[in-house]
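Just so you know, these numbers use all the heavy atoms, side chains as well, and skip hydrogens, waters and symmetry mates. As the structure lists them, so they are numbered: ligands from 1, and atoms in each ligand from 1.
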Amino acid sequence: MEVKNDIEVENRTVRKKTVFRNLPLVPRVVFGNGSFDQLGDILMPKRAHSDAPFVFLVDDVFETQDLVKRIPLIFNDQIIFISANEEPKTEQVDALVHQIKSKFSELPSGIVGIGGGTLLDLSKAVALMLTNKGGAARYQGWDLVNNSAIYHVGVPTISGTGAEVSRTTVLLGPEKKLGINSDYTTFDQVVLDPDLTQGISKEQWFYTGMDCYIHCVESLNGTYLNAFSQSYGEKALALCEEVFLGDLSSEDSRNKLMMASWHGGMSIAYSQVGVAHALSYGLGYSLGIKHGLGNCLVFQHLSEFYPDGVKLFNKMRSRHNIHLPKNVCANMSDSDFDTMISVAMGMHPLWENALGPNWRDTITPERLRKIYEKI
Ligand code: NAD
Ligand code: ZN
């Protein structure tokens, strides 16, 4: 994205140097059904020596599944199973870093995250925090990280968040829910094996898939849109329509949703998300509602911002017979609402992308409360 910064100097307008974002990309990616079995070969040249293990952070939904037997463990490699029932937290990252540092005398050769956005984000954060001093909460924000992360690999097992391509790891901290956005956050390697996304419940498949769909709608309808973001956003949106409204075989559908997630992530990487994400962050912070579901709960009520997007969303929802929870905000006090609204309103770049620099003229706490009350 271009940063516009003409400045006034002694009544003359001087064009300051334009700064374009220099986006880090995942340097290596393997795609294909069964490609997970190449992981051992991929990791081998990255092994520092036999005392520097690979640590695999794995969604505990796989604890009793065959996938675990396919993890290429050698030497003193370790698997740590982690529940994805809650959003990842800064204190959880700190505890994992402590656990790894106390167990091994050397830094690991790398971290491999296997799971959805929760496990991918935790893995990125742990890889960063093994080489940066202090707690993870200190680095929530933009470009606060000083040192490169250790080598880290992402293996998504559910498609939609785009966490596999992004330069952020979204964490719930003591004071805020915010990503560690940095050039060091992005994975060094991603393994895209659509076969791993089998066995997800229909509801979870829909919620996480809709995260991708909403990324596209917010990016394509935002004021930050540019040809780079548009090209990825349009492709991802078309893939979402095929997956959620077409008649694909289940294998085709898994393959396409995995690529939609990738393209959706690429689209927002060079633009920004919008109203649904700002409000969903509030729900996540105040009620612990997970990202995908939170986005859906909010998005159904956003016709005033995204009329076409909401119409298509409702079509997809009824096609798959998805019933969203109701009365989610029913028991909240005024002060709970105020906190949630202030978290949402604090997401300035998201509002600016959605509505332009004068967004404060139309976005008021009262207006947001009315939306939340419908949820
Ligand atoms: P998730 O990782 O939270 O997992 C959702 C559920 O699906 C969990 O119960 C998990 O155990 C289960 N699951 C995952 N894979 C499965 C499989 N193959 N079979 C059966 N069950 C499976 O889901 P998500 O929606 O991918 O991730 C949400 C997280 O991603 C949030 O914490 C959000 O903040 C984060 N996020 C990050 C970014 C980023 O750019 N870093 C972007 C969007 C969202
Ligand atoms: Zn999202």
Engineer: Ion pair present between K315 and E241, side-chain N to carboxylate O less than 4.0 angstrom?
Structural biologist: no

Engineer: Nearest protein heavy atom to atom 7 (O) of ligand 1, by residue and atom, and its distance?
Structural biologist: Q204 CG, 3.5 Å

Engineer: How far is atom 25 (O) of ligand 1 from its nearest protein heavy atom, and which residue and atom name does that atom have?
Structural biologist: T208 OG1, 2.7 Å

Engineer: Tell me whether T161 has any N or O atom under 3.5 angstrom from an N or O of ligand 1.
Structural biologist: no

Engineer: Please determine if T157 has a nitrogen or oxygen closer than 3.5 Å to a nitrogen or oxygen of ligand 1.
Structural biologist: yes

Engineer: Would you mind naming the N, O or S atom of D211 nearest to the Zn ion (ligand 2)?
Structural biologist: OD1

Engineer: With heavy atoms under 4.0 Å as the rule, classify the contact between F62 and ligand 1 as side chain, backbone, both or neither.
Structural biologist: side chain

Engineer: Could you identify the single nearest non-hydrogen protein atom to atom 9 (O) of ligand 1 and state the distance to 0.1 Å?
Structural biologist: N85 OD1, 4.1 Å

Engineer: Return the closest protein heavy atom for atom 30 (O) of ligand 1 as residue, atom name and distance.
Structural biologist: G117 CA, 3.3 Å

Engineer: Should D188 and K124 count as an ion pair when the cut-off is N to O under 4.0 Å?
Structural biologist: no

Engineer: Using the rule side chain to side chain donor-acceptor pair (under 3.5 Å), only one of E218, H277, H215 pairs with N295; which is it?
Structural biologist: H277

Engineer: To which protein heavy atom is atom 41 (N) of ligand 1 closest, and what is the distance rounded to 0.1 Å?
Structural biologist: D121 OD1, 2.8 Å

Engineer: As a check for students: among H277, E87, E86, identify the option with a heavy atom nearest to atom 31 (C) of ligand 1.
Structural biologist: E87

Engineer: So, R319 and D247, do they make that salt bridge, N to O below 4.0 Å?
Structural biologist: yes

Engineer: What N/O/S atom of H215 is the closest to the Zn ion (ligand 2)?
Structural biologist: NE2

Engineer: Tell me: protein heavy atom nearest atom 8 (C) of ligand 1, and distance?
Structural biologist: A84 CB, 3.9 Å

Engineer: I'd like to know if K290 and D211 make a salt bridge, using a cut-off of under 4.0 Å between side-chain N and carboxylate O.
Structural biologist: no

Engineer: At a 4.0 Å cut-off, with the gap strictly under it, does some heavy atom of P88 reach an atom of ligand 1?
Structural biologist: yes

Engineer: At under 4.0 Å between heavy atoms, is it the side chain or the backbone of A163 that contacts ligand 1, or both, or neither?
Structural biologist: both

Engineer: Can you classify the ring geometry of W205 versus F244 as parallel (below 30°), tilted (30 to 60°) or perpendicular (above 60°)?
Structural biologist: tilted

Engineer: Going by atom types alone, do Y224 and E352 pair a side-chain donor with an acceptor below 3.5 Å?
Structural biologist: yes

Engineer: Look at atom 39 (C) of ligand 1 and say which protein heavy atom is nearest, naming residue and atom and giving the distance to 0.1 Å.
Structural biologist: S166 OG, 3.3 Å

Engineer: So does E373 pair up with R369, basic N to acidic O under 4.0 Å?
Structural biologist: yes

